[in-house]
Amino acid sequence: MYIIETKNLTKKFGDFTANNKINLQVKEGEIHAIVGENGAGKSTLMNMLYGLLQPTEGEIYIKGKHVSINNPRDAINLGIGMVHQHFKLVPTFTIFENILLGDELTKGIRINKKKEIKVVKELIEKYGFNINPKDKIQNVPIGTEQRVEILKMLYRNVDILILDEPTAVLTPQEVDELLISLNELREAGKTIIIITHKLGEVKRCSDSVTVIRKGEIVDRVETKDVTEKDLAKLMVGRDVLLQVEKPEPKIGDELFSVNNLSVTNKQKVRLLDNVNFAVKRGEILGVAGVEGNGQSQLIKVLTGLMKCTNGKVTYKDKNITNYPSEKIRKLGIGIIPEDRYKHGLCRNMKISENLMAGYHDTDKFGSTYHYNYKKIRDNRDELINDFDIRVGSADGDVGQLSGGNAQKVIIARELSMNPDLVIASQPTRGVDIGSIEFIHKQLISLRNDNKAVLVVSSELSEVMNLSDRIIVMYKGSIIGEVNAKETTKEELGYLMAGITDKREVENDG
Amino acid sequence: MAKINYKQISKKVFYLILPVIFAFLVGAILIVVSGHNPIEAYGAMFRGALVGKSALYNTLFSSTPIIVTGLAIAVAFKANLFNMGVEGQMYLGAFAAAYVGFTLKGLPPVLHVILCILAAVVVGGLFALIPGVLKGRFNVNEMVVTIMLNYVAILLTDYLTNFVFYSGEGYAATYPIEQSAYLPRFMKTSQLNWAFIIALIMACIVYYIFKYTRLGFEIKAIGHNVSFAEATGMNTRNKAIIIMVVSGMLAGIAGAGEVLGVHHRFIAGFSPGYGWDGMTIALLGKNNPIGILIAALFFGILKNGGSTMELMVGVPRSLISIIQGLIIFFLAVDYLNTEFGFMSRLKLMFRRKVRG
Amino acid sequence: GDNKNNNTDTDDKDTAKDKTFKVAMVTSAGGLGDRSYNDSAYEGLKKIESDMNMEIKVVEPADVSEGEKYLTELAKAGYDLVCTLEYGHADILNTVAPQFPDTRFAIFNIVVDQPNVTSVIFKEHEGSFLAGALAAMVTTDDSIDKTNDQKIISAIGGVQSPGIDKFIVGYEEGAKYIDPDIKVLKGYSNSFGDPAKGKELALVQIDQGSDVVYQIAGGTGEGVFEAVKEKNVFAVGVDSDQDYIVPGNILTSMMKRLDMAMVMLADKLQDGTIGDENVIELGLKEGTELSKMEHTKDMLKPEYLDQLEEIREKIVSGEIKVTDVTKE
Amino acid sequence: MLEAILHTSLRMATPIVLAALGGLFTHKANVLNIALEGMMLMGAFAGVLASFATGNIFIAIIAAIFASMLFALLFNVFGITLKGNFIITGLAVNIFAAGLTSFVLQVAFGRRGVFSDPKIVGTTPVHIDFLDKIPFIGPIINDHSPMVYVSILIAIAVYFVLNHTKYGIYVRAVGENEEAAKAIGIKVNRIKYSTVYISAILCALAGVNLSLGNLTMFVENMTNGRGFIALAAIFCGRGTTLGTYVFSFLFGFADSIQLRLQNLNIPGTFVQMIPFIFIVVVLSIVGAIRMIGNLDRGIKDE
Ligand SMILES: Nc1ncnc2c1ncn2[C@@H]1O[C@H](COP(=O)(O)OP(=O)(O)OP(=O)(O)O)[C@@H](O)[C@H]1O
Ligand SMILES: Nc1ncnc2c1ncn2[C@@H]1O[C@H](COP(=O)(O)OP(=O)(O)OP(=O)(O)O)[C@@H](O)[C@H]1O
Ligand SMILES: [Mg+2]
Ligand SMILES: [Mg+2]
C-alpha cells in the first residue's frame, strides 16, 4: 500500500509531452528521491501532485484513495506540502508572515502579530533552525528562504513533504543540517519526496529512488542497492565522469586584479571591505564562502551591476573600475551571473535572442543598424548543438526550458564569444550531473588555453574540483587563500567560519 | 520555417470577429432603444466608412493621427515605460509645427514642410525628455509625471495661442501657416492628406527599429526584464531617456500632421484625445506596428462610420462611444490564450460531474 | 461664380412659396446641453421647425477635424441653409462653401468672406457692459439682502482666451463706468465642464467680497450658480436666459439671442434675402441683451433700469465705445 | 486665510481621496485600475438619478455603489477572468461610462449636458459645535459635507484593513507575488475581483461626493480627470495609505491655492499650472534624495 501512487499520469504542454504515463509509487514514512536530467519532467510531476498543474491524463491516489487535486488548497487538505524549486515567498513580508500566509492567527478581525511571532518562534525552535521570524524575506540569504518554505509546510502539518531541489542553493553545512532535519521528520512519521541532482545526497538520505528520463520512469530502485555511478548512468543513459580531469596549470601573466575594493551602502553598511586579489592567465580562481559574506556584492561590482565606493579594478593593465557590464563584456570578459532568471536570461524572449543579449551590438549578428536574422538563427542552432541544450522547440522562449538547460544558454552565450576571462557565479546551480560535467569541461579548457576564470560557488566540492587557487570570503573581506590541491574541506570550513589562526595553532603545537 | 497552420489562423480570425459582432449586437439593442432602426444605422455606418473612394479616404483620414500616437505609445509601452503624456507632447509638437509654419516665409514647399515636422519632432522629443530624465536619473514614476505634464502642455499652448500668437479672428487659434507648409490632399472632397503617408512611413520606421536595430532589441529586453537588460549591458537609465524622447518625437509628428494637413494653424484644444486613443490602439495592436495599423484602421472605420451614422440616421453621438467602448472590451481579451484555459476548465468541470 | 449665385437666388425667390426649406445646424465643441450657446441656437431651430414648417437637423461633430465632413455631407444632402456654431469651422467653410454655391452657409462670431456664407457677429462685449454696469449698481446697495458694502464683483471664464475675455472686459468696463473704484476679480476654471471647480472658484471670489459673479464657462457655470445659491449672492448668466436656474439669485443673463438669429436667418432664407447681407452684426439693438429679470426685477430700484436703458442707448448710438479684445 | 485655504483644500481633495483609496486596493493587488474615472462618473450619475427619483440620499448612495459595481463587474470579467489587458479594459470602462451617462440622459430623460432639478437632494454640510472651540483645526475640519468625514474614517479603515487584517495581507501577497499566494491556496482571482469591487465602492462615494456633496447636479464628464489625479496620488504616495492620503490632499491644496492666486490678477494660465508642476517638483526632489548614495545601476520597476 503506497501513500502516493499515480497511474498513467500524463502531462502535455501543447504538443510536447512533459510526463508520459508516469506510475510513481511512494511508501508511507520513507524518503523517496526523484532524479533525472534537466527537463526530464520532475517538477512537472510534482506540480501535478500539488495541484499547480492539472494532468492531461491519468489518476492520482493518495493513501489509496483516488483524488483530484485542483489547487494547492486541495493538496494541503490531503496532507501534501511542497517546497518549490523557485521559491514562492513574498519579499516584503516578514518570515513569520510568510510562514503563516493563508493561515493567519487573528483576534477578532485583527491579526494577532504577537501570537503569530510566538507561534513561529516555537516552530523554529522545534525544528532547530537558526532564523529570526521578524526578518523580511528580501533581507535574508537564500538558505533562510529555503527553511521558511519548509517551515511553511511543516506548520500546516502535512504528512507528505515534497522538496524540489532543496539543496541547490544551500551551503554544505546547510545541506547537512537539512538532511538531518529530513531524517528527523521521517522519524516523526512524515513521508518525504526529494528531487535533487546531487547523487551523494540521494545516497545519504533516501530509502528509494525513482529515475525519470525524458518524461518517463526508467527505474525505481532501493537506494541501498545502487551506487552513485549506477544512478548517473540510469539518468543520463551513459557513463558520467563525476570529476573532470584537469592537467597541471600553466600560470601566465596577471590578467585581472582587484585592489582595496570596498562598498558601503546607503545604510552605511560595509558590504565589501578592502578586497584584494589577482587572477593570472591559465588559472581558475575560486571564491568560497558562506552565502551572504559579500560574494554576491563582489560579483555585482565586478560585472558592472553595482558601483563600488572605493578601490580599483584592473584588467589587462587597464583601469576598469565601475565599468558598466556593456564595456566589461566588450573587453573580452564573459559574465555568468548568479541570478539566472534575473540577470542572465529573459524568460519571455526567444532562445536566439537570449543567445545574443550582451553581445547584441557586435557585428556577429549583422551591423548595429541592421540585424541579420540568418546569422542570428545560425548562431542559435550552432550553440544549441555545441552546448547540447535540450529544447522542445528551438524557436521557443527561454521560459519553456528546464532550469538546467536555461543555465546552459547562458554558458553557451558567454563562452562562445571567446572571452579571455570568465567571471562565473554559481555556474552549475540546479544543473544535472551530465551538464555539470560539460560545463566544467568548458571552463577547464578555457583555462588550458591560457585564459582565466574567476568562479564563485557555494558548492564546496565544485570550488575545490574546479579551482587552482581558492580565496575565502568572510564578512565582506578576504580572510584567506589556499591552494586547491592541498586544501581540505575542513580547512576551508574553518576559514569560511572566520577562523584564521587554526593553522598557526597547529603549527605552534 | 514553421508551416502555415490554417486551422490556427481561421481560429484567430474567428475570435477577432466574434467580439465585434457581439458588440454590434448590443449596440443594435441600444439603437432600437433610442428609437432608430439598427439595420439602417449600421448600413449608414458601413457605407460611410467603406463604400466609395471618398468614404474610404475619410476612414484613412480618421485613422491618420491615431496611427502615429499609437506608434508613439508603443515605443514606450514596449519598454514598459508608461508614457501617458503623448497627448501633451503632441500638442507642443503641433504648436511648434504651426510656429515654423507661420513665421518662416517664402520657403519652397517641401523644405518648409520638412522644417515644420523637424520642429515638431524636436519640441515633442524635448518635452518627453523631462519625464525621461526624471525616470532615468531619479527613478521618478513616469506615468505620474506624464499625466501631470499633459495639463501643463495644454495650458501652455492655450496661452500661446490666445495671447502670444492670437490670430485676432475671434477664436482660439494662431495665425494660419503659409501655403508652402501645407501637406497636400489627395482629392478635393476628402481631407485625407500626406500626413497619412507620413504615418505609414513612421509605421515602417518603427517596424524596422523594433525588428532590425539594436534599440529595438533593447526596447524589447527592457520591457520584459529590466534587470536582465541592465545586466546585459543595455544601460537602462540612458535607454529610458532615449525611448521616452523617441516616443515624444513621434507624438510631435502626430501633432504636426494635424496642423500641416488638417487645420493649417494651431487651434487650442484641437485634439479629441488622440493620445488616449493611441494608447488603446497600441495595446490592441500589441505594440506591433502592423497591429497598430490594423487597430487604427478599425478605429477610423468606427469614427468615420459613426459620424455618418449620426449624419444620416440621427443616432446619438454618445451611442457611438458606447459601441466603441464595448468593442474595446471584447478586443482587450486575448481569446487565443484564454480559450485553452476555458476549455480545459470546462472539461475538468465535466469530468468532476461525471465522477460525482 | 458670383453671377451664377445671383441667378440661383432669383430662382429661389420664385419657388419660395411652395418649397419646404431644410435647415441644418452643426453644434460647437461644447455640444447640446450647455444650457447656453448651443442650446439657445437649438431653441431657434426648433422654432423654425414648428412655426415656419421647415425641415431641421442638428448634428454634433466629435472634434474640429470632423467639421469638413459634416458641412460637406449636409450640403450634399440638400440642406438649403447649413449653420455652424463652431468658430473653428471658419477655415473649413472657405474650402467647402465654394464647392456648393447653391447652398447657403452661416457661421457665428467670425467673419468668413465667401459669397454664399452669412457671418453673424454678436457684440457680446456690449451686453456684458450692461451686465457689469448693473452689477456695479447693486454691489453696494444695502436694500438688497444679497449684496454687501464692498465694491467687489467678479467673473469666471471657462478658459482664458480672447473669446472669453471679450465678455469679461466688457463686464469690467461696464462696472468701471458706473464706479471706477469697483474691483473685478477674475478666474478661469480651465474647463467648460467642471462644475465642482466652478463652485469652488466662485466660493473663493465670494469669500473675497464679490457679490455678483458673472459666469462665462458652460457646464462649469452650473457650479457657480450653486455657489451663489448657497451664499445667497448674485450670479449673472450667459448666452441664454439662465435666470430660471436659481430664481432670485441670478441677477440677470447676458443673452446672446442665437435663437432669434436662427429665426432671422430662416426668415431671410424664406423670402430669399439671405444673400443680401453677408455679415450681420447683432449688437444691443438686435441680438445681445439682458434678460427680462423676471425673478430679480422687484429687488432693483427703478432708477437702475432707467440708467441701464440710458447706457444701452449710448452704446447703440456709439457714444460709449466698448472694447472688443478679439479685435486687437 | 490659511484656515480658509485648508478648509477648501479638504473639500476639494475629498473626491480624489476617496477614489485614490479605492484605487489603492487594486494597486496593492497589482491591478492597474485606469477605470477609476469611469467608475466615479457612473457613481456621480447614478447617485443623481436615484436622488432625483426618490429624494433619498441613502438610496442615492446605494444606487451609485450599485452602478459603479456593475462597471467593476465588466472590468473583472474582461480584465481578470478573460485575462484582457487592464489598461485597455480600464479605458473601455471610461469610454463606456461617458457614453452611457450621456446616452441615458438623452434617451430616458430627454436632457443633454446638465441634469439638475430641485428634486435632487444633496447632502447638507455638518456643523459640529465642539469643533468651534478648537482654534485653527476647528474651522478647517468643521462645516463639511458628511462625505468629507466619511473619507477620513475610510482612510483609517483602509489603513487598518490593508495592514492588520487577513484580507489586507492576501491583497498584498497577491500583488507582490501572485505565485506565492497561489501556492498557498489563496484564490488569487477572487482577491483581485474584490479589490476592483472595493475601488468601485469608494469611487462611487467619490462620485456622489462630487455630484451630491459639493453640488446637486450631474454634468457630463464632470469628473474631469480626477480619476487620473487619484491614480497619480497613489503612485506618488508609493502605495501607502498615508502617502496616498497626503498626496491626494496636496492636490486639493495646490488646487485651492491656485484658485486664490487667480484672483490676485496673476495670468490665469500659469497659475493653473501650479498643482501639476508642484507635484512633478515634489516627486523630483523626493526622487533625487532617494538617489543619494545609490549604488545600483539601472532603472527600477516600481
Ligand atoms: N509551461 C510550460 N510550457 C511548455 N513547456 C514546459 C512548461 N513547463 C515545463 N515545460 C517543459 O517540460 C519539460 C519538463 O520540465 P520540468 O520543469 O518538469 O523539468 P525538470 O525535470 O524539473 O528539470 P530541472 O531539473 O531542470 O528542473 C521541459 O522540457 C520543459 O521545457
Ligand atoms: N465648449 C463650450 N461649451 C459651452 N460653451 C462654450 C464652449 N465654448 C465656448 N462657449 C461659449 O461660447 C462663448 C464664448 O466663446 P468664444 O468663442 O468667445 O471663446 P473661445 O475661447 O473661443 O472658446 P473655445 O476655447 O471653447 O473655443 C461663450 O458664450 C461660452 O459660454
Ligand atoms: Mg525542475
Ligand atoms: Mg458688494
Side-chain angles (χ1 to χ4, degrees), chain C residues 27 30-39 42 58 60 152 154-161 164-165 168 183-210 218-227 229-230 242 245-247, chain D residues 1 4-5 7-9 11-12 14-16 44 98 102 105-106 109-118 122 124-125 206-207 209-211 213-226 252 255-273 275-276:
Chain C
T27 66
L32 291 181
D34 58 2
R35 297 215 264 186
S36 55
Y37 182 65
N38 290 296
D39 282 2
Y42 190 42
V58 55
E60 303 171 81
I152 303 176
S154 62
I156 292 174
V159 296
Q160 190 175 21
S161 71
I164 297 296
D165 284 349
I168 298 181
K183 197 170 153 198
V184 182
L185 306 174
K186 293 165 206 158
Y188 304 89
S189 62
N190 191 25
S191 161
F192 280 98
D194 194 341
K197 192 70 128 325
K199 183 174 178 185
E200 295 299 343
L201 203 45
L203 286 176
V204 166
Q205 291 180 341
I206 294 165
D207 193 38
Q208 289 176 349
S210 166
T220 301
E222 303 283 341
V224 174
F225 295 146
E226 287 246 345
K229 184 166 102 186
E230 196 174 301
Q242 298 187 312
I245 295 177
V246 191
Chain D
M1 176 77 169
I5 291 177
H7 187 263
T8 316
S9 312
R11 189 172 52 221
M12 291 179 73
T14 298
I16 298 170
S102 72
L105 267 192
Q106 191 175 351
F109 295 89
R111 307 213 191 185
R112 299 293 314 273
V114 185
F115 188 81
S116 79
D117 194 287
T124 34
N209 180 48
L210 210 53
S211 64
N214 294 353
L215 305 158
T216 45
M217 66 176 73
F218 177 81
V219 174
E220 277 178 25
N221 270 325
M222 70 188 295
T223 44
N224 245 293
R226 283 177 178 82
D255 216 9
S256 79
I257 295 251
Q258 176 263 112
L259 292 186
R260 265 161 213 273
L261 288 181
Q262 283 203 26
N263 290 317
L264 299 180
N265 280 332
I266 303 170
T269 323
F270 293 101
V271 176
Q272 287 171 50
M273 290 180 194
F276 312 115

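The chains referred to below are lettered A, B, ... by the order of the sequence lines, with proteins before strands, and numbering in each begins at 1.
Contacts of C:Glu226 with chain D are made by side-chain atoms alone, with heavy-atom separations under 4.5 Å and no backbone atom involved. Using a 4.5 Å cut-off between heavy atoms, D:Gln258 contacts chain C through its side chain alone, with no backbone atom that close. With a 4.5 angstrom heavy-atom cutoff, C:Ser189 touches chain D only via backbone atoms. For a residue to count as touching a neighbouring chain, one of its non-hydrogen atoms must lie under 4.5 Å from one of that chain's; by this rule C:Leu203 touches chain D with the side chain only. At a 4.5 Å heavy-atom cutoff, the contact between C:Asp207 and chain D is made by side-chain atoms alone. Neither the backbone nor the side chain of D:Ser211 comes within contact range of chain C; no heavy atom of the residue lies under 4.5 Å from a heavy atom of that chain. Contact annotation for D:Arg111: neither backbone nor side-chain heavy atoms come within less than 4.5 Å of a heavy atom of chain C. Interface residue D:Gln272: only side-chain heavy atoms are found under 4.5 Å from chain C. Proximity to chain D involves both the backbone and the side chain of C:Glu200, based on heavy atoms less than 4.5 angstrom apart.
C:Thr27 has its side chain within reach of C:Val58: a pair of non-hydrogen atoms, C-beta onward, lies under 4.5 Å apart. Contact annotation: the side chain of D:Met12 approaches that of D:Leu259 to within less than 4.5 Å [non-hydrogen atoms, C-beta and beyond].
Formation of a donor-acceptor pair under 3.5 Å by the D:Asn221 side chain with backbone atoms of D:Ala98 is not found in this model. Although no hydrogens or angles enter the test, the distance criterion places a donor-acceptor pair under 3.5 Å between the side chain of C:Gln160 and the main chain of D:Thr269. Proximity of a side-chain donor or acceptor of C:Glu60 to a complementary backbone N or O of C:Leu32 within less than 3.5 Å is detected.
Heavy-atom pairs under 4.5 Å with chain C were tallied for D:Gln106, D:Arg226, D:Glu220; the largest tally goes to D:Arg226. For the options D:Asp255, D:Val271, D:Leu105, D:Leu210, heavy-atom pairs under 4.5 Å to chain C are most numerous at D:Asp255.
Taking the side chain to side chain donor-acceptor pair (under 3.5 Å) definition, one finds that D:Asn214 meets it with nothing, sequence neighbours left out.
To the nearest 0.5 Å, atoms CZ (D:Arg112) and CG (C:Asp39) are separated by 8.5 Å. Once rounded to the nearest 0.5 Å, the distance linking CD1 of D:Ile16 with OG1 of D:Thr223 reads 11.0 Å.
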